[in-house]
J.: 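Below: one structure in structure tokens.
Every heavy atom of this structure was used, including side-chain atoms; hydrogens, water molecules and symmetry mates were not.
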Amino acid sequence: MALDIDRYAHVGSAINRWDARFKLVSMGLVIVAIALLKTLPMALLALALATALLRVSNLPVKFISHGLSFVLIFLLPFFIVMPLSYPGEPAFTVLGLGFAWEGLRLASLIFIKALAIVMVSFAIFGSSRFDVSMLALQHLRCPKVVVQMLLFTYRYTFTFLDEMKRMHTSMLARGFVPRSDLRTLQVFGHFVGTLLVRSFERTERVYKAMLSKGYQGTLHSMVSFQSTPADYLKALLAIALAGALVAGDFSGLFSQAEHGWF
Amino acid sequence: MHISEGILSTPVWVAGYAGAAALAAVTMRNMDMEEIPKISVITAVFFVASLIKVPLGPASIHLILNGLAGIVLGWRAFPAIMLGIILQAIIFGHGGITVIGINSIMLGGGALVAYMVWQLRHRFDIQRRELIFGALAGAVGTISSGIVLALALVTTGEAFNAIAATVLAAHIPIMFIEAVVVGVSAQFLSRVKPEILAGNTPGTGN
Amino acid sequence: MNERIMIDVDDISFTYPDGHAVLKGLSCQIRQGEKVALIGPNGAGKSTFMSHLNGVQLATSGRVVIDGIEVGKTTLREVRRKVGIVFQDPDDQLFCPTVFDDVAFGPLNLGLDKAEIEARVKEALHVVGLEGFEERSSFHLSFGERKRLALATVLSYQPEILVFDEPSTNMDPMNRRKLINWLKASDKTILLCTHDLDIALEVCERCMMLTDGRIIADGPSKKILYDRQLLEENKLELPLALMTHELLHGILYTEDMDDEHRQIISKFLHAHRHAHGPDGHEHVHLHVHSHDHSHLHEEVDEEHFHSHPQHQHDHGHSHGHDTLPHTHDDYDHKS
Amino acid sequence: MNERIMIDVDDISFTYPDGHAVLKGLSCQIRQGEKVALIGPNGAGKSTFMSHLNGVQLATSGRVVIDGIEVGKTTLREVRRKVGIVFQDPDDQLFCPTVFDDVAFGPLNLGLDKAEIEARVKEALHVVGLEGFEERSSFHLSFGERKRLALATVLSYQPEILVFDEPSTNMDPMNRRKLINWLKASDKTILLCTHDLDIALEVCERCMMLTDGRIIADGPSKKILYDRQLLEENKLELPLALMTHELLHGILYTEDMDDEHRQIISKFLHAHRHAHGPDGHEHVHLHVHSHDHSHLHEEVDEEHFHSHPQHQHDHGHSHGHDTLPHTHDDYDHKS
């Protein structure tokens with residue numbers, strides 16, 4: 001499982017060079033705009049924009065498509081359940097269940113919006129080093145404690161993932177085969193407990209090491225942000241696009257769901 | 001288990017953010033310097049442990065373990081889970097940016113309920129208390145999350161009622177799995193490293 | 001030497017999906033009862049190679065045959081029954097509430113009956129000297145005890161082949177000594193992956209060097225481990241035992257001493273290597289003292305003072321790279 | 001020897017709230033520039049003792065004075081500035097997003113200005129040979145690299161006293177050698193807690209043995225580390241270098257050899273220890289080759305073949321416990 005979202009952060013691009021503070025704010029607004037959309041044509045337009053953004057970011061297609069596959073899996077059921085359970089008059093019936101075009105439209109809308117948002121967030125976080133994104137958040141008034149905890153958690157995720165893999169290997173090496181039975185659950189219960197005990201012991205050592213190096217409760221950083229006119233320009237462009245999406249959506253040019261959203 | 005991006009109506013996810021911020025503020029009160037690295041490191045374990053897949057018939061599911069987080073971290077389980085959800089949204093695009101609030105309430109709220117159930121064990125003097133209350137906490141943590149999820153869907157629009165019902169039903173087998181895993185873990189921890197469990201004396205937080 | 005081939009690795013390669021190649025055409029054969037050291041610098045592929053021996057990773061190409069069974073998806077159960085791997089960090093192998101449960105984990109996976117499991121646990125704990133620890137939790141044991149317990153969890157599985165990853169790491173010297181005695185006395189087929197060249201020299205007659213995904217040298221330990229050039233090229237260091245010996249030679253030529261005496265001493269140090277060199281006597285000292293050290297928990301006795309004789313090496317006082325007697329090289333540099 | 005006392009530990013005890021006593025009246029003094037090894041079995045209290053040196057744990061009774069400053073709640077900042085501890089597991093010390101941030105962590109906490117911090121980071125990374133790694137994440141480095149990085153994170157803090165917990169653990173021989181060279185060349189006050197008695201012997205002139213919360217022996221390394229009885233009573237083993245030397249003696253008396261020759265050889269081995277014994281010559285070999293090994297990343301050179309001369313030991317072929325020349329015992333058994 002690849003956990004380092006920023007492993008292609010070194011790939012140069014207009015998005016990569018964008019001051020992370022500006023990127024977070026303006027792209028955040030784009031995400032909100034997409035989330036507000038209620039019509040299919042505007043959602044498709046948002047998807048097209050998100051695709052263009054990823055092209056500009058130069059992130060490898062394989063890296064992105066792997067991330068997007070999760071969204072796909074989670075949202076597929078909606079295509080089945082929504083059309084068959086949409087309230088009101090069904091268009092026709094399949095196997096005794098009413099099929100409503102409106103339900104299918106709603107499912108498509110959800111799917112397209114989700115895809116677009118996840119693509120935009122990949123463009124945001126895939127194009128900057130993780131710590132830089134987090135420090136940008138801190139500059140944007142996100143509480144320091146939260147940012148510090150996010151950085152620590154992220155860092156130790158890798159240590160524990162390695163630890164877990166080694167433990168798992170040693171289980172397999174002694175012939176363990178997970179099944180749908182009580183013993184498997186018990187083994188996993190002990191496994192998780194062991195991970196927790198080991199990490200608890202590690203927290204003590206980490207804290208000791210931090211104290212030894214003069215830790216006083218705050219994480220200082222030397223990362224500094226410097227904005228250029230280009231950063232403002234990119235931000236303005238992004239915000240304008242977000243505004244356009246929402247305006248197009250509210251203009252009444254396109255139909256909205258009757259029972260889906262208020 | 002989490003809500004994906006794009007499903008909820010705007011008022012619902014905005015309310016989710018507001019509620020999560022309020023809960024985070026309350027549950028992070030009086031956090032001292034020492035807790036910062038400790039909670040972070042334990043959060044990393046929960047994050048990693050939630051990648052464990054348990055076979056369920058022909059398919060397999062990921063462990064949730066929010067009940068266990070409640071047992072171990074007490075009230076601090078809420079900020080911990082919120083951190084995990086933020087990371088998940090950023091790293092995997094699981095869940096999503098707009099649903100961080102509602103997902104935190106769903107799983108973190110479940111953890112808080114689980115912690116309250118776990119604390120009830122002090123009123124009983126029975127054998128295998130940790131196993132039983134751990135299992136209850138695991139089950140309650142899961143099912144509370146399922147209920148929050150269903151409610152969020154239902155308030156989004158009546159078109160989602162059927163989905164809400166399906167999701168709630170799907171939580172029942174997961175509830176059993178979580179109950180066993182969390183119960184066994186709780187018993188294990190109480191034996192091996194009792195100081196890791198939250199609220200070992202009645203009435204204290206973490 | 002027994003002719004049954006327990007490990008037969010035929011030209012295996014392993015490449016990660018991201019294109020990173022770890023093993024690049026590796027072959028070797030290990031016979032029943034052999035004790036083989038696998039040495040090489042960090043990152044050479046030792047761990048990956050080990051995971052191939054019991055199918056935790058499957059080769060991209062080539063084949064691994066364990067005691068006649070080809071490792072593949074359908075044979076994992078059988079293969080894992082034959083190959084026991086003792087990993088470096090005991091904590092990666094201990095995850096049960098009690099010592100008993102940890103040792104019983106493997107046998108339980110084999111589906112053995114209760115009496116058999118109990119017997120095996122008892123035996124394995126006896127071998128590592130942890131009888132009476134059954135109900136303890138591994139978290140409450142010392143590091144040395146956990147390291148021994150990790151070995152017991154594999155022994156109870158009764159594999160015919162034992163693979164060790166850095167068995168002596170982090171051990172205090174006394175526990176290291178106990179482990180060496182046990183390894184020397186064991187009659188299992190043993191593969192020892194280690195940086196501790198002294199343990200390799202002491203336990204294993206044969207040594208393979210893995211570098212950059214290939215076996216680049218395979219032969220008697222006292223050849224490979226005395227080959228300064230080979231070791232240095234592969235970021236390893238001469239075993240301490242040998243370094244001391246060389247040092248004496250160095251001093252021999254700096255001390256103020258008459259030539260006759262120097263000759264006598266030099267001859268002694270020289271003779272000493274050759275007496276135990278490749279002329280037939282070589283195993284005498286290895287086995288003579290290992291008759292009853294089958295238990296790790298035995299107190300260390302005088303025996304270990306006899307364990308190095310065949311490891312001494314003589315190439316005069318020069319510190320250059322060309323001092324090895326390459327005349328009787330019976331191993332091959334494959335690089 | 002410099003007379004400034006950097007570490008002055010006066011009869012400290014430490015008892016956990018649950019009543020478990022770890023340190024039981026421990027005293028020692030370490031002077032500026034001294035390199036001292038702290039050895040002892042697992043569980044003797046080494047880690048707890050280390051935590052007392054920079055006030056991460058505070059003594060229940062007794063006092064610790066670091067370079068004239070008594071360790072206490074009000075002096076923690078000053079004390080931690082003077083004492084740098086390099087812990088065993090690098091993952092416990094590398095908690096920042098990038099290599100740069102990890103090395104800058106200490107200086108940032110000192111509130112230094114930006115240019116100074118950058119200079120220190122650069123220098124520390126240079127010393128451990130990790131220049132150019134600034135932007136990498138520590139979790140993507142190899143184990144050896146992380147171990148060196150952990151050292152850099154302490155060096156950038158520029159402490160006057162360096163405390164190491166098992167610095168050579170898990171290192172491959174090449175990295176171990178680089179570390180030894182660096183330690184030998186360093187002019188800091190160094191306390192080395194280790195099981196690796198060979199590294200203790202090579203780096204430190206002085207050695208303390210900690211057992212059951214007390215220092216039970218303190219003296220020249222070549223005395224303590226050659227005291228078989230003391231080591232065995234404390235579950236340690238003679239350093240390998242010494243074992244080999246002893247072995248040669250053993251052989252001397254089993255080989256078929258005329259008495260005259262035997263005497264010459266025996267005299268050589270014996271003389272060799274005494275030439276570098278406590279009669280004044282003892283530091284010659286330690287320092288003569290260490291002039292420019294201040295960088296861990298230097299290639300290992302011939303120098304390490306000269307590093308053992310003062311460690312040889314002669315006590316004839318007997319394997320008993322009473323063979324040490326106790327006549328010039330200048331250290332004290334306090335037990």
Side-chain angles (χ1 to χ4, degrees), chain A residues 1 3 5 31-32 35-36 67-68 70-71 74-75 78 81-82 85-87 103 106 110-111 113-114 117-118 121-122 125 145 148-150 152-154 156-157 160-161 164 178-180 182 184-186 188-190 192-193 195-197 199-200 202-203 206-207 210 217 257 259-262, chain B residues 4-7 9-11 13 28 31 33-34 36-45 47-49 51-52 54-57 63 65 68 72 79 83-84 86-87 89-94 96-98 156-163 166 177 180-185 188-189 192-193 196:
Chain A
M1 180 88 51
L3 291 174
I5 178 75
I31 286 179
V32 170
L36 290 173
L68 295 183
F70 291 108
V71 182
F74 269 93
L75 289 176
F78 278 81
V81 182
M82 295 295 296
S85 67
Y86 196 80
L106 195 52
I110 288 169
F111 180 73
K113 282 169 64 178
I117 293 178
V118 173
S121 70
F122 260 85
F125 293 105
V145 181
Q148 198 179 340
M149 289 173 79
L150 278 169
F152 285 145
T153 304
Y154 183 64
Y156 280 100
T157 297
F160 294 127
L161 194 67
M164 192 170 89
R179 295 191 176 83
S180 294
L182 198 61
T184 300
L185 294 182
Q186 274 178 333
F188 279 127
H190 295 145
V192 171
L195 267 176
L196 275 169
V197 174
S199 70
F200 188 74
R202 189 184 287 279
T203 64
V206 170
Y207 185 60
M210 292 176 79
H259 300 278
W261 284 294
F262 306 105
Chain B
S4 191
E5 196 75 77
I7 299 164
S9 69
T10 310
W13 67 254
M28 284 173 79
M31 188 137 93
M33 176 179 107
E34 189 173 346
I36 296 171
K38 293 194 173 175
I39 294 175
S40 314
V41 171
I42 289 188
T43 303
V45 178
F47 187 62
V48 166
L51 299 173
I52 296 175
V54 178
L56 182 63
L63 291 175
L65 299 176
L68 190 59
V72 170
L83 289 176
I86 295 172
L87 279 181
I90 293 176
I91 295 176
F92 299 126
H94 275 192
I97 306 291
T98 61
T156 276
E158 60 178 301
F160 294 88
N161 290 355
I163 292 265
T166 317
I177 289 174
V180 175
V181 173
V182 175
V184 168
S185 286
F188 177 84
L189 292 172
V192 170
K193 195 119 189 145
I196 203 175

J.: Are any of the side-chain heavy atoms of F78(A) and F160(B) separated by less than 4.5 Å?
T.: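 Sidechains of F160(B) and F78(A): in contact.
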J.: Between V184(B) and V192(A), is there a side-chain heavy-atom distance shorter than 4.5 Å?
T.: no
J.: Is Y154(A) close to I91(B) at the side-chain level, that is, under 4.5 Å between some pair of heavy atoms?
T.: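 They are in side-chain contact.
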J.: If you count heavy-atom pairs under 4.5 Å with chain B, which of F125(A), Y156(A), F111(A) comes out on top?
T.: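 Greatest number of close heavy-atom pairs with chain B: F125(A).
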J.: Distance from E158(B) atom CD to S85(A) atom OG, nearest 0.5 Å?
T.: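 OG of S85(A) is found 10.5 Å from CD of E158(B).
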J.: Which region of M149(A), side chain (C-beta onward) or backbone (N, CA, C, O), has a non-hydrogen atom less than 4.5 Å from a non-hydrogen atom of chain B, or is it both or neither?
T.: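 For M149(A), heavy atoms of backbone and side chain both lie under 4.5 Å from chain B.
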J.: Tell me the closest heavy-atom pair linking G6(B) and I110(A), and the distance in Å.
T.: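 Reported closest heavy-atom pair: O-CG1, 3.5 Å.
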J.: T43(B) versus chain A, heavy atoms under 4.5 Å apart: side chain, backbone, both or neither?
T.: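 It is both, since atoms from each part get that close.
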J.: Please look at L189(B) and chain A and tell me whether the side chain, the backbone, both or neither of the residue comes under 4.5 angstrom of a heavy atom of that chain.
T.: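 The side chain, not the backbone.
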J.: What option among L182(A), L196(A), V145(A) has the most heavy-atom pairs under 4.5 Å with chain B?
T.: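 Of L182(A), L196(A), V145(A), L196(A) has the most heavy-atom pairs under 4.5 Å with chain B.
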J.: What part of V180(B) gets closer than 4.5 Å to chain A, counting heavy atoms only: side chain, backbone, both or neither?
T.: side chain
J.: Who wins among I42(B), I163(B), I97(B) for the most heavy-atom pairs under 4.5 Å with chain A?
T.: I163(B)
J.: Give, as side chain, backbone, both or neither, the part of K193(B) having an atom under 4.5 angstrom from any heavy atom of chain A.
T.: side chain
J.: Please give me the minimum heavy-atom distance between S199(A) and V45(B), naming the atom from each residue.
T.: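 That would be CB-CG2, 3.0 Å.
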J.: Hey, which of F200(A), F160(A), F152(A) is the one that makes side-chain contact (heavy atoms from CB on, under 4.5 Å) with V41(B)?
T.: F160(A)
J.: Please report the shortest heavy-atom distance between S185(B) and G189(A), naming the atom on each side.
T.: OG-O, 2.6 Å
J.: Does T10(B) use its side chain to pair, donor to acceptor, with the backbone of L36(A) at less than 3.5 Å?
T.: no
J.: So which of V118(A), V81(A), V32(A) has the largest heavy-atom pair count under 4.5 angstrom toward chain B?
T.: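 It is V81(A).
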J.: What part of S121(A) gets within 4.5 angstrom of chain B, counting heavy atoms only: side chain, backbone, both, or neither?
T.: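 Just its side chain gets close to chain B.
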J.: May I ask you to name which of L87(B), L68(B), T98(B) has the most heavy-atom pairs under 4.5 Å with chain A?
T.: L87(B)
J.: Out of curiosity, T203(A) OG1 to I36(B) CD1, how far, rounded to the nearest 0.5 Å?
T.: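 One finds 13.5 Å between OG1 of T203(A) and CD1 of I36(B).
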J.: For V181(B) and L185(A), work out which heavy atoms get closest and say how close.
T.: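 Residues V181(B) and L185(A), closest heavy atoms: CG2-O, 3.8 Å.
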J.: Distance-only, no hydrogens or angles: does the T157(A) side chain make a donor-acceptor pair with backbone N or O of A44(B) under 3.5 Å?
T.: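 It does not hold such a pair.
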J.: With rounding to the nearest 0.5 angstrom, report the OH to NZ distance, Y207(A) to K38(B).
T.: 7.0 Å
J.: Between S180(A) and P55(B), what is the shortest heavy-atom contact and its length?
T.: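 Answer, listing the atom of S180(A) first, then P55(B): OG-O, 3.1 Å.
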J.: Taking the side chain as C-beta and beyond, is there a heavy-atom pair between L51(B) and L161(A) under 4.5 Å?
T.: yes
